[in-house]
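Keep in mind that what you see is a predicted model, and the values were worked out from it rather than measured.
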Amino acid sequence: MTTSFGQSTVLGYPRIGAHREWKRAVEAYWAGTLDAAGLEDVATGLRADVWRTLRDARLDAIPSNTFSYYDHVLDTAVAVGAVPRRFARLGLGQLDTYFAMARGVDAAPALELTKWFDTNYHYLVPEIDPDTVFAAHPEKALGEYAQARDLGITTRPVLVGPATFLLLAKGDDPFGRLDDLVDTYARILTALAEAGVAWVQLDEPAYVADRSPAEIEGLRHAYRRLGELPHRPRIFVATYFGDLGDALPALLDTPVEAVGLDLVAGAGNLHRLAAAGPLRGKTVVAGLVDGRNVWRTDLRAAVAAGATVGGLADHVAVSTSCSLLHVPVDLSAETSLDPQLSARLAFARQKVDEVVLLGRALRDGTTSLPAPLPPVPAAWRHDDVRGRLAALRPTDRQRADYPSRAARQQERLGLPDLPTTTIGSFPQTTELRRARAAHHAGTLDDAGYTQRMRAEVEQVVRLQERLGLDVLVHGEPERNDMVQYFGEQLDGFAATTHGWVQSYGSRCVRPPIIHGDVARQVPMTVAWSTYAQSLTDRPVKGMLTGPVTILAWSFVRTDQPLADTADQVALALRDECRDLEAAGIRIIQVDEPALRETLPLRRADQKAYLDWAVGAFRLATSGVADDTQIHTHLCYSEFGEVITAIDALDADVTSIEASRSKMEILDDLAAIGYRRGVGPGVWDIHSPRIPPHHEVVDALRRAVAAVPARRLWVNPDCGLKTRTYAEVEASLRHLVAAAAEVRRS
């Protein structure tokens, strides 16, 4: 890269490969069927493919060090030496230590996993204590830079910035270690400069949330120190997911050469930039192309915004609003989408073309941009759904008071104290995936498919009975994904074939696309739930995904308020709940793991979101009788920030991730006087580690100390689809035995 930043760039690109080659290689390594050298060969090829793609698209500035075997925050922790002692003392090699931090081993539970700001990507939470000894390990960044250079491609290494890294960490005042960490970053930057690196990208998205004056001053202090280094690359500080607010003038008051601003989710950034006055000697990297949704960019509006930025700074470059990690790889792989829909879409590869086109338009002043899209097709509109929404009343979102409901539910269900259950899914075996694929391809007919799925349901029910669980599930063998499954059955949704996006670790999802009004034509889950219930006398939960999570894990239309789309989904789920109840299902679980995920990052915007999010859930669940028990499930987020909203959902039972966070959520629930049923997870299902009996007992005893046994449920952290049956049987056996032991005591 020359000393000039260039006219176009992206903040990152999908790391999974066009055909998820990364996922298969990593999982093969974990299974022992691929060695470290083979894994690195796959990684080397994937990185080269990305860099060549970006070069051939004529992108001016290309990022590197964005590939990861698991998570880029974990990569940064390793780069600065923040490896907790329990992993360092295992005596494993570097790669196996890395995966132990991510997944855990018997001797060392994994790092906590939580959501990356308001996305569905999960990062591993660094652990920083006063005795953490930082050390510079730039080898990964240097290695990727060297690999690209050998291909004739000059890149810009990317790291999570020091301030954001510490603000995302947990421990005893991590941010108090900022000076120590900046020293480590200084050594990394020096090493990069010595290798010939001209530009480095340091990501500081934590500052689009509310930050204290001390935290903002810490940002200024960190980049003044790094900017004053005598021998360093030029520094590009990238921010994304919202408005920088008061952090923007602080960042501009440092020697960094380039600042990236999200102009899609952070419209206020443009006003702040104008208030700062003319920026001399700095490049503003304008995030004009949405890196989180799949809709085509309004190029004319983007050019106008870019021109405004160009009038405020010495140089402007065009970029994506954030890394393209959050969208699928290439729209050209989708050959079965409605042409009216695909004409409106852009995946990562197409967004790169948009960035390049915008950069040229700003540089050359060209007006040769594609024509605007035609109006939305009339077939995407459902007037009856819109009529139902217009006729809603406040009582449609209300149930009777909880104590009277709880009494009627206990009379109907007769459950013991500390009832045991699971969250919903059971292992998705290779055989199940093959059966679904064969059915989709037409080589397995409907009767054969139903027979195969019913056999799996019966196996799961019998297993739960043998293990002694109190409330059963059907295991969800028919579901490829908890959102995609519903999207494939509701009007207004479209499913992709290859639209994979990384969620956490090797887990990828295919978010459906909501393009029109949402409507349910027929029941979606009733047949599977009632079949499972016919096999047993124990209650079987009906399993649904809630309206907020369906929106959060889809690519949502932008032509109407999110609240309206959420209520459309909620009406479909309300009808499904009523049909499940009419079919004899006594417990219905409506999962909302994304409730915290989609919380706006600025407090000023949060109440409006929580009002419609809670309202949508209550609309979905308030159409059933008092003696039907409504459950919900939430996982892997900082739930203390939405604790009053969790209470306002008015679910009879809330199961929640708690094992990696050591039951911290129970203190938050106690603080607000929460009085409904709660199931804090006692088994971390995102790790292959089988929790020993005594560990589950200890977790339950901590829970019983905070919640009366009559309101406490015993369950894993999340669904079991990613685990093996050997892990599931052993872990659930410990869970049931631990519940019995604590129940006796």
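R723 meets the side chain to side chain donor-acceptor pair (under 3.5 Å) test with E727; sequence neighbours excluded. Considering only residues two or more places apart in sequence or on other chains, S529 meets the side chain to side chain donor-acceptor pair (under 3.5 Å) condition with none of them. With sequence neighbours excluded, the residues forming a side chain to side chain donor-acceptor pair (under 3.5 Å) with D203 are Q201, Y240, listed by chain and number. For R397, the salt bridge (Lys or Arg N to Asp or Glu O under 4.0 Å) test picks out D567, with sequence neighbours left out. Residues passing the side chain to side chain donor-acceptor pair (under 3.5 Å) test with S321, sequence neighbours excluded: none.
Listed by first then second residue, pairs satisfying salt bridge (Lys or Arg N to Asp or Glu O under 4.0 Å) with a partner in residues 473-501 read D481-R507, not counting sequence neighbours. Within the structure, salt bridge (Lys or Arg N to Asp or Glu O under 4.0 Å) contacts touching residues 372-388 (residues at least two apart or in different chains) are R381-D383, R386-D517, R388-D575. Listed by first and then second residue, the ring-ring contact (aromatic ring centres under 6.0 Å, His included) pairs that reach into residues 442-461 are H439-Y449, sequence neighbours excluded. Sorted by first then second residue, the ring-ring contact (aromatic ring centres under 6.0 Å, His included) pairs that include residues 500-520, not counting sequence neighbours, are H122-Y504, W380-H515, Y504-H686. Among residues at least two apart or in separate chains, salt bridge (Lys or Arg N to Asp or Glu O under 4.0 Å) pairs with a member in residues 322-351 are R349-D353. Identified under the salt bridge (Lys or Arg N to Asp or Glu O under 4.0 Å) test for residues 423-441, with sequence neighbours left out: none. Pairs passing the ring-ring contact (aromatic ring centres under 6.0 Å, His included) check and including a residue from residues 544-580, sequence neighbours excluded, do not occur.
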ask   = Given L571 and L619, is the side-chain contact (heavy atoms from CB on, under 4.5 Å) satisfied, shown in steps?
value = CA-CA 7 Å; L571 283 177; L619 177 61; 4.1 Å; yes
